[in-house]
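Inspection log for the structure reproduced underneath, given as structure tokens.
Please read all numbers here as calculations on a predicted model, not as lab measurements.
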Amino acid sequence: MNTPLFEVDLKVRDYECDAQGIVNNANYQHYYEIGRHEFLEHHGLDFYDLHTKGIDLVLVSIYVRYMKSLKGGQKFLCIIDSLEKKGIRYLFNQKIIRKSDNKICSEAKAEVVSIVNGRVNKLPILDEAFAKYFQK
């Protein structure tokens, strides 16, 4: 496995599990969002502070593939493997990896755009913060 751009340690909470005793599929999207928000903070950008300035980062699509189940109490990593920029879109390639056996539980591609004062727009502060990740 390549070295990820960013990772955050998380733990499954009991209320995130369904009747089968595994993490409900919708909660994986929460985990991925936590990873993206923490990635922003790591780069000096605060999601809620941006909002107060009229800047919203909006998820416009996400593709999630599930491979292995997480269960209550398990620890895992939420990883950002790579980040792409296509026009005004930022594509976050993410994984969830169970720590006990290093198995990939889920993969996702999240497409995010910035909305500035109610309009989809380029956001130079994101381009500057993430420039080192974009392939030349």
What distance do [X] atom [atom1] and [Y] atom [atom2] have between them, rounded to the nearest 0.5 Å?
X	Y	atom1	atom2	result
Tyr90	Glu111	OH	CD	12.5 Å
Ile34	Gln94	CD1	CD	11.0 Å
Leu126	Leu83	CG	CG	9.0 Å
Glu7	Leu10	CD	CG	10.5 Å
Gln29	Ser106	CD	OG	9.5 Å
Lys132	Leu5	NZ	CG	9.0 Å

Are any side-chain N or O atoms of [X] and backbone N or O atoms of [Y], one a donor and one an acceptor, separated by less than 3.5 Å?
X	Y	answer
Gln74	Lys71	yes
His51	Phe47	no
Lys86	Ile88	no
Asp46	Asp49	yes
Ser69	Ile22	no

Count I, L, V, M, F, W, Y as connected when their side-chain heavy atoms are under 4.5 Å apart, and connections chain through other members. Are [X] and [Y] then in the same cluster?
X	Y	value
Val60	Leu91	no
Phe130	Val58	no
Tyr15	Val12	no
Val113	Ile80	no
Ile125	Val112	yes

Which pairs with one or both residues in residues 95-127 pass ring-ring contact (aromatic ring centres under 6.0 Å, His included), sequence neighbours excluded?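 Found none.
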So which atom in Ala110 and which in Arg36 form the shortest heavy-atom distance, rounded to 0.1 Å? CB-NH1, 3.5 Å
Do you know which two heavy atoms are closest between Gly72 and Cys17, and how far apart they sit? N-SG, 3.5 Å
Could you walk me through whether Tyr31 and Glu16 pass the side-chain hydrogen bond (donor to acceptor under 3.5 Å, both in side chains) test, one step at a time? CA-CA 11 Å; Tyr31 301 153; Glu16 296 166 336; 2.6 Å; yes
Do Leu123 and Leu57 pass the side chain to side chain contact (heavy atoms under 4.5 Å, CB included) test, and can you show the C-alpha distance, the side-chain angles, and the key distance before you say yes or no? CA-CA 10 Å; Leu123 192 56; Leu57 302 179; 4.0 Å; yes
Flag the pair Tyr32 / Phe92 as yes when their ring centroid distance falls below 6.0 Å, and as no otherwise.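 Not close enough - the centres of the two rings lie 6.0 Å or further apart.
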Let's go through Ile79 and Phe6 carefully: what are the C-alpha distance in whole Å and the side-chain angles of both, what is the deciding distance for side chain to side chain contact (heavy atoms under 4.5 Å, CB included) to 0.1 Å, and is it a yes or a no? CA-CA 6 Å; Ile79 288 175; Phe6 184 77; over 6 Å; no
Can you check whether [X] reaches [Y] side chain to side chain, under 4.5 Å on heavy atoms?
X	Y	answer
Val116	Arg119	no
Glu33	Leu59	no
Asp56	Ser114	no
Ile115	Ile55	no

Please determine whether side chain to side chain contact (heavy atoms under 4.5 Å, CB included) holds for the pair Lys85 and Asp127, giving the CA-CA distance in whole Å, both sets of side-chain angles, and the decisive distance to 0.1 Å. CA-CA 9 Å; Lys85 183 166 191 264; Asp127 290 345; 2.8 Å; yes
Can a salt bridge be assigned to the pair Lys99 and Asp9 using a cut-off of 4.0 Å between side-chain N and carboxylate O?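 Judged by the 4.0 Å cut-off on N to carboxylate O distance, Lys99 and Asp9 do form a salt bridge.
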Would you say the side-chain atoms of Asn93 and Glu84 include a donor-acceptor pair closer than 3.5 Å?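 There is such a pair (donor and acceptor under 3.5 Å, judged by atom type) between the side chains of Asn93 and Glu84.
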Which one of His43, His37, His42 satisfies the ring-ring contact (aromatic ring centres under 6.0 Å, His included) criterion with Phe39?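 Between Phe39 and the candidates, ring-ring contact (aromatic ring centres under 6.0 Å, His included) is satisfied uniquely by His43.
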Which residue is it: Val23, Asn25, Ile96? I am looking for the one with a side chain to side chain contact (heavy atoms under 4.5 Å, CB included) to Tyr66.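 It is Asn25, the one option of Val23, Asn25, Ile96 that forms the side chain to side chain contact (heavy atoms under 4.5 Å, CB included) with Tyr66.
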